[in-house]
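For reference, the structure is listed below as structure tokens.
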Amino acid sequence: MTGDATLPDHCVTGQYGEVFAFLSGRLCLDLTTTLQVRHRDRPIETLNVPDDVRGWIEQAGLAGGVRVDEAGLDRIRELREAIHRLGRAALSSATPDPADVALVNGAAARPSMIPCLIDGAVRRRGDLDQVLSTIARDAIDLFAGPYAARIRECAHPDCSRLYLDASHAGRRRWCGMAACGNRSKSAAYRQRRHAGTE
């Protein structure tokens with residue numbers, strides 16, 4: 001459900017331990033989940049050093065071996081936060097901050113990643129500027145398109161992920177059933193059982 005045919009086909013969100021788990025349904029929203037539990041006093045930053053950024057880029061299926069330095073770490077975090085604020089604005093039908101729009105537009109103005117056919121499969125190549133452009137273009141496609149109204153925040157109290165609700169009815173409540181959905185259902189079941197024993 002991405003507007004750019006050069007993006008990975010799999011759904012890309014946050015991180016459990018050392019492994020990124022891609023659940024949001026859009027590349028740009030998956031980037032925003034690299035800062036976890038935003039609603040808590042101490043959010044968990046998963047992009048702490050340039051190697052973390054390289055790992056996310058590779059696991060997102062964008063490219064391998066992209067060079068990232070400290071300045072690049074700052075740039076991807078800035079883009080991430082602008083996209084997150086745009087996502088929150090879309091979620092609440094608020095007017096987006098012009099500075100966030102300008103930052104995303106500026107990143108998208110650079111060339112995007114280059115798809116290549118290698119051994120019958122699509123591989124991508126490019127530098128960090130091209131990675132940021134690809135992510136920014138995905139954000140523009142999402143926020144300016146019909147799916148902006150399908151952006152949701154996970155209903156689990158320990159999760160703050162934004163995700164794209166691609167369900168037919170448009171009533172999905174969790175970023176993923178395997179994690180937050182099952183935990184919420186288990187907690188509700190325990191609460192009902194506990195209430196029944198009193």
Side-chain angles (χ1 to χ4, degrees), residues 2-4 6-8 11-91 94-114 124-144 148 151 153-154 159-164 175:
T2 57
D4 187 338
T6 67
L7 294 180
C11 294
V12 184
T13 285
Q15 196 177 30
Y16 290 99
E18 295 299 314
V19 180
F20 291 103
F22 299 106
L23 306 170
S24 293
R26 287 302 286 251
L27 178 67
C28 61
L29 296 182
D30 287 326
L31 177 62
T32 70
T33 64
T34 60
L35 183 64
Q36 299 177 349
V37 292
R38 290 171 175 270
H39 58 301
R40 301 288 189 211
D41 291 337
R42 292 184 177 178
I44 299 170
E45 176 62 76
T46 65
L47 301 181
N48 294 292
V49 295
D51 273 345
D52 295 334
V53 177
R54 280 190 288 273
W56 185 86
I57 291 168
E58 289 175 13
Q59 291 180 43
L62 289 172
V66 175
R67 295 183 62 189
V68 183
D69 57 13
E70 290 293 333
L73 173 63
D74 291 340
R75 289 175 60 213
I76 199 164
R77 283 176 170 178
E78 287 173 4
L79 179 62
R80 175 189 70 188
E81 294 310 300
I83 292 171
H84 184 263
R85 288 187 294 268
L86 291 173
R88 298 290 310 175
L91 186 63
T95 301
D97 186 325
D100 292 331
V101 173
L103 195 151
V104 170
N105 286 341
R110 299 180 184 99
S112 63
M113 303 202 71
I114 301 166
R124 291 161 189 82
R125 61 184 174 85
D127 59 17
L128 184 62
D129 280 344
Q130 291 170 288
V131 169
L132 297 178
S133 176
T134 300
I135 296 168
R137 290 174 186 217
D138 183 58
I140 290 169
D141 180 72
L142 175 60
F143 298 135
I151 296 171
E153 182 177 31
C154 185
C159 185
S160 61
R161 290 185 181 109
L162 296 181
Y163 64 92
L164 181 64
C175 61

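Values in this document were obtained by computation on a predicted structure and should not be read as measured data. Worth knowing before you read on, the calculation uses all heavy atoms, side chains too, and leaves out hydrogens, waters and symmetry mates.
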Review point. Would Q130 and R125 count as a side chain to side chain contact (heavy atoms under 4.5 Å, CB included) if you check the C-alpha gap in whole Å, the side-chain angles of each, and the deciding distance to 0.1 Å?
Key: CA-CA 9 Å; Q130 291 170 288; R125 61 184 174 85; over 6 Å; no
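- Side-chain contact between D97 and R85 is absent, with no heavy atoms from C-beta onward closer than 4.5 Å.
- How far CD of Q36 is from OG1 of T46: 5.5 Å, rounded to the nearest 0.5 Å.
- Residues R110 and R137 share a closest heavy-atom pair of O-NH2, 2.9 Å.
- The structure places CD1 of I151 at 7.0 Å from SG of C28, a figure rounded to the nearest 0.5 Å.
- Considering all non-hydrogen atoms of both residues, A107 and A136 come closest at CB-CB, 3.7 Å.
- Within the structure, side chain to side chain donor-acceptor pair (under 3.5 Å) contacts touching residues 70-81 (residues at least two apart or in different chains) are T34-R80, R38-E81, E45-R80, R75-D129.
- Scanning both residues, P43 and L35, for their nearest heavy atoms gives CB-CD1, 3.9 Å.
- In this structure, T32 OG1 and L27 CG are separated by 10.5 Å, a value rounded to the nearest 0.5 Å.
- Atom CG of residue L142 and atom CD1 of residue I83 lie 9.5 Å apart, to the nearest 0.5 angstrom.
- In terms of heavy-atom proximity, V66 sits nearest to G126 at CG2-O, 3.8 Å.
- Looking at heavy atoms from C-beta onward, W56 lies in side-chain contact with L31 at the 4.5 angstrom threshold.
- When each of L47, D52, V53 is checked for a side-chain contact (heavy atoms from CB on, under 4.5 Å) with V49, only D52 meets the rule.
- The line from OG1 of T33 to CG of L162 is 8.5 Å long, rounded to the nearest 0.5 Å.
- To the nearest 0.5 Å, atom CD1 of residue I57 and atom CD1 of residue I135 are 6.5 Å apart.
- For the pair A148 and F143, the tightest heavy-atom approach, listed with the atom from each and the gap, is CB-O, 3.7 Å.
- The minimum heavy-atom distance between L164 and L29, with the atom names listed, is N-CD1, 3.8 Å.
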Practice item. Apply the test side chain to side chain contact (heavy atoms under 4.5 Å, CB included) to residues V131 and M113: give CA-CA distance (whole Å), side-chain angles for both, the deciding distance (0.1 Å), then the verdict. Key: CA-CA 6 Å; V131 169; M113 303 202 71; 3.7 Å; yes
